[in-house]
Amino acid sequence: MQRLIAAILFGLMVLAEAIQAYRLLHILADPAPVAERLGISYGAEILRAGTVLVLALVVTLGSLLAVVGLLGRLRALFLVGALACALGYLLLGLYQMATGVLQLESGGVVLSGVIYLVLGALAYAMRRSLVVE
């Protein structure tokens, strides 16, 4: 039962971050509206969106590998995928918090960073607690 719950949670992480990556690709195609809304330069928005895109892709790939490892009972694949997912969320959370405080002065962005840190901790906890045979 724990494997099924973990597979569902990692699957939701795949879906959420893939949607985030798709949205970021659209932002990178035309960064002007978002840069103006956030009150930053176009270059700063390109850097911000590009960094978040790379980290979202790390989380997407890691969580996808974790799901495949869980469903295929491939322990090594699950461990690598879950760790990549956890580290991706950790870096994404820290980046969002730093950006929210230092660049955007936005409590909402800081809160999203905290949420990413919690998701990273959840991914790491599942990695440590699940036995994949």
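These figures come from a predicted structure and were not determined experimentally.
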Pairwise side-chain contact, Y42 with E36, heavy-atom cut-off 4.5 Å (strictly under): yes
Heavy-atom pair of closest approach, residues G120 and A86: O-CB, 3.5 Å
Hydrophobic cluster identity match, L122 and V58, side-chain contacts under 4.5 Å: no
Where at least one partner belongs to residues 108-131, residue pairs that pass ring pair (Phe, Tyr, Trp, His ring centres under 6.0 Å), sequence neighbours excluded: Y89-Y116
A35 versus S41, closest heavy-atom pair with distance: CB-O, 3.8 Å
Joint cluster assignment, V110 & V118, ILVMFWY side-chain distance < 4.5 Å: no
Heavy-atom side-chain contact between V68 and L77 under 4.5 Å: yes
Shortest non-hydrogen separation from P31 to I46 and the atoms involved: CG-CG1, 3.8 Å
Interatomic spacing from CG in L57 to CG in L64 - rounded to 0.5 Å: 12.0 Å
Validation row: R48, L38 side chains within 4.5 angstrom (heavy atoms): yes
Contact summary for A6 and L130, nearest pair of heavy atoms: CB-CD1, 3.1 Å
Side chain proximity check, V52 to Q96, heavy atoms < 4.5 angstrom: yes
E17 and S63, any side-chain heavy atoms less than 4.5 Å apart: no
Spacing of OG1 belonging to T60 relative to CG belonging to L65, to within rounding of 0.5 Å: 11.0 Å
Minimum-distance pair of heavy atoms, taken over all atoms of A7 and L71: CB-CD2, 4.2 Å
Interatomic distance, L90 atom CG to L94 atom CG [nearest 0.5 angstrom]: 4.5 Å
Interatomic spacing from CD1 in I115 to CE in M97 - rounded to 0.5 Å: 11.5 Å
Any side-chain heavy-atom pair of T51 and L47 under 4.5 Å: yes
Verify same cluster id: L24, L91 (apolar side-chain graph, 4.5 Å): yes
Separation of L53 CG from Y22 OH (nearest 0.5 Å): 13.0 Å
Main-chain N/O of L70 paired to R3 side chain as donor or acceptor, under 3.5 Å: yes
Hydrophobic cluster identity match, I27 and L104, side-chain contacts under 4.5 Å: yes
Nearest non-hydrogen partners of L28 and A49, listed with the distance: CD2-CB, 3.7 Å
Co-membership, hydrophobic cluster, residues V14 and I19, 4.5 Å side-chain: no
Separation between CD of Q20 and CE of M13, rounded to the nearest 0.5 Å: 14.5 Å
